[in-house]
There are 2 protein chains.
Amino acid sequence: MIKNQMRMTHQRDIILREMRKCKDHPTADELYERIKKTLPRISLATVYRNLEILSTAGLIKKLEISGRRKRFDGELRRHHHVYCLLCHRVDNIDLGQEENFQFLPAAAGGYRITGCRIEFFGLCPDCQKKPQGDKKMGCKKCGTETLNDQQQQILKTLAQSAAACGSKDIAAAVKLEPKQISSQLTTLKKKGYVASPVRCKYEITEAGKSAIA
Amino acid sequence: MIKNQMRMTHQRDIILREMRKCKDHPTADELYERIKKTLPRISLATVYRNLEILSTAGLIKKLEISGRRKRFDGELRRHHHVYCLLCHRVDNIDLGQEENFQFLPAAAGGYRITGCRIEFFGLCPDCQKKPQGDKKMGCKKCGTETLNDQQQQILKTLAQSAAACGSKDIAAAVKLEPKQISSQLTTLKKKGYVASPVRCKYEITEAGKSAIA
DNA sequence: TTTGTATTTGATAATTATTACCATGTCAAT
DNA sequence: ATTGACATGGTAATAATTATCAAATACAAA
Ligand SMILES: [Mn+2]
Ligand SMILES: [Mn+2]
Ligand SMILES: [Zn+2]
Ligand SMILES: [Zn+2]
């Protein structure tokens with residue numbers, strides 16, 4: 001007879017309390033690890049089930065952001081989030097005066113809109129310290145070519161100089177063989193990143209500046 | 001010697017063209033199905049790999065929203081999205097004058113923020129038509145108790161009446177046995193959703209109104 | 001043009017995250 | 001006490017993505 005009625009079981013109660021207590025945004029299995037300290041025999045499936053049920057009931061919030069794993073939030077007050085592109089950590093964010101700003105899109109394309117979420121992303125304090133694997137790739141044919149280390153060094157040196165430089169000026173700043181430098185300058189000139197206003201003098205072009213931006 | 005340089009292979013080129021051409025936001029395997037028409041021998045892994053590489057290179061965008069599957073976007077122009085909570089379809093959305101509004105959070109909590117995303121969610125036109133499974137749950141102990149169908153029907157009837165109603169008035173609007181009605185009214189009164197200003201006359205309370213809201 | 005090699009591919013295995021299943025257990029209302 | 005909806009733990013299954021690897025390819029340099 002009774003339908004869609006939730007019972008407050010011991011497990012569910014502990015899960016809800018834990019969610020209300022914690023100030024972060026745990027995934028199902030992160031929460032499972034915490035709950036096990038109180039209920040060592042609880043099943044991971046129970047945690048998954050209850051996080052789903054509690055969020056359907058509106059007692060917690062589900063954050064479907066930042067990639068693969070769902071995260072949950074015990075804080076019901078309207079607020080938004082930042083997350084880290086590297087470690088996927090999620091933090092609350094304060095939007096200041098915009099806090100209560102409600103977007104109403106001009107054209108909703110027939111959707112019945114029930115909510116809006118504002119998300120920031122970037123690097124968290126910890127991940128900023130990590131050595132950057134510099135994963136950025138480029139491609140000649142797409143006009144997004146990446147430059148090798150030597151080329152980058154040379155371009156950066158030229159970018160810092162107001163006047164056009166000779167090979168010696170560059171050699172003073174970059175630890176490279178003179179031959180390497182002139183060879184790379186030729187390449188860079190061909191690519192349009194460097195111009196030679198006078199013979200043996202080189203300066204960076206606008207294209208060059210954006211290539212190292 | 002060369003490092004982090006992307007090659008424009010035939011497969012990658014076709015994938016990029018397809019992404020630029022299509023106006024929706026395909027997942028890896030949705031795109032795989034489309035690409036197979038051009039390259040029947042391509043591997044799903046190649047599609048996954050290239051979507052990742054192309055988005056790292058900034059030639060397409062990765063949408064990490066709305067649950068499990070990643071979606072990709074060939075449109076690089078700054079814009080935002082709506083998605084359907086039911087079928088997870090994603091559409092572009094026009095923010096009107098807010099289009100170029102850049103949020104700068106007051107406190108970024110030490111994050112180096114590289115972007116902001118504004119997402120709307122709700123029900124797409126198709127899913128609005130689907131019969132609603134009414135999955136909402138409640139719980140007595142949390143003050144979010146759900147009501148059964150009969151109780152909801154009765155409450156809704158009362159909500160539409162200006163004056164207090166008798167069983168007959170309710171029976172006229174709701175197809176239920178008179179006994180059922182009075183039984184449910186008693187239950188609803190006990191729960192505080194219905195009041196009886198005069199004997200055999202019932203009206204909805206404020207609590208009752210919010211219970212069916 | 002030829003060559004050396006970093007990069008990419010297809011095929012497939014492995015991993016990760018989540019959901020489904022099921023026998024058993026609990027609770028509240030008759 | 002009986003009934004039936006709701007839950008649980010344990011585990012299998014599914015879905016989505018990533019890793020591995022031998023063979024093929026693209027492309028900078030010679
Ligand atoms: Mn939060
Ligand atoms: Mn889009
Ligand atoms: Zn991080
Ligand atoms: Zn839909």
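Lettering follows sequence order; numbering is per chain, from 1. Because the structure is a prediction, the values reported are computed rather than measured. Basis for what follows: all heavy atoms, side chains included, without hydrogens, waters or symmetry-related copies.
- Residue side chain Arg7(A) reaches the base of dA5(D) through a donor-acceptor N/O pair under 3.5 Å, judged by distance alone.
- Within the 4.0 Å cut-off from OP1 or OP2 of dC27(C), not a single side-chain nitrogen or oxygen of Gln5(A) is found.
- Distances shorter than 4.0 Å separate some side-chain N or O of Thr9(A) from OP1 or OP2 on dT8(D).
- The two atoms that bring Cys84(A) and Cys127(A) nearest to each other are SG-SG, 3.6 Å, heavy atoms only.
- Whole-Å rounding puts the Tyr32(A) OH to dT8(D) C1' distance at 13 Å.
- Residues Asp24(A) and Arg89(A) are not paired through a salt bridge, judged by the lack of any N-O separation under 4.0 Å between the basic side chain and the carboxylate.
- Between the side chains of Asn92(B) and His80(B), no donor-acceptor pair is found at a separation under 3.5 Å.
- Between Arg41(A) and the phosphate of dT8(D), there is no side-chain N or O to OP1/OP2 separation shorter than 4.0 Å.
- Using bins of under 30°, 30° to 60° and over 60° for the plane-to-plane angle, the ring pair Phe121(A)/Tyr83(A) lands in the tilted bin.
- Rounded to whole angstrom, the span from the CD1 atom of Ile14(B) across to the P atom of dT8(C) amounts to 17 Å.
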Per-nucleotide protein contact string for nucleotides 12-22 of chain D (B base, S sugar-phosphate only, - none; heavy atom under 4.0 Å): ----SBBBB--
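- Counting heavy atoms from C-beta outward, Ile35(B) and Thr46(B) have side chains that stay 4.5 Å or more apart.
- The interatomic distance linking Leu51(A) (CG) with dT19(C) (C1') rounds to 14 Å, in whole Å.
- When each of His81(A), Arg71(A), Lys61(A) is tested with His25(A) by the rule side chain to side chain donor-acceptor pair (under 3.5 Å), just one qualifies, namely His81(A).
- Between the CZ atom of Arg12(B) and the C1' atom of dA24(D) there is a distance of 14 Å, rounded to whole Å.
- Protein atom CG of Leu39(B) is 15 Å distant from nucleotide atom C1' of dT25(D), rounded to whole Å.
- Atom CD of Glu30(A) is separated from atom C1' of dT16(C) by 14 Å (rounded to the nearest Å).
- Remark: side-chain polar atoms of Arg12(A) are paired, donor with acceptor, to backbone N or O of Arg7(A) under 3.5 angstrom.
- Summary for the helix from dT1(C)-dA30(D) to dT30(C)-dA1(D): the axes at its two ends, each from 5 pairs, differ by 30° when rounded to the nearest 10 degrees.
- Proximity of a side-chain donor or acceptor of Glu119(B) to a complementary backbone N or O of Arg117(A) within less than 3.5 Å is not detected.
- Position along DNA chain D of the nearest nucleotide to His10(B) versus Ile42(A) favours Ile42(A) as the more 5'-ward residue.
- Taking atom CG of residue Leu54(A) and atom P of nucleotide dT8(D), one finds them 10 Å apart after rounding to whole Å.
- Note: CD1 (Ile35(B)) to C1' (dG10(C)) measures 15 Å, nearest angstrom.
- Checked for salt-bridge contact, Glu52(A) and Lys62(A) meet the test: a charged N lies under 4.0 Å from a carboxylate O.
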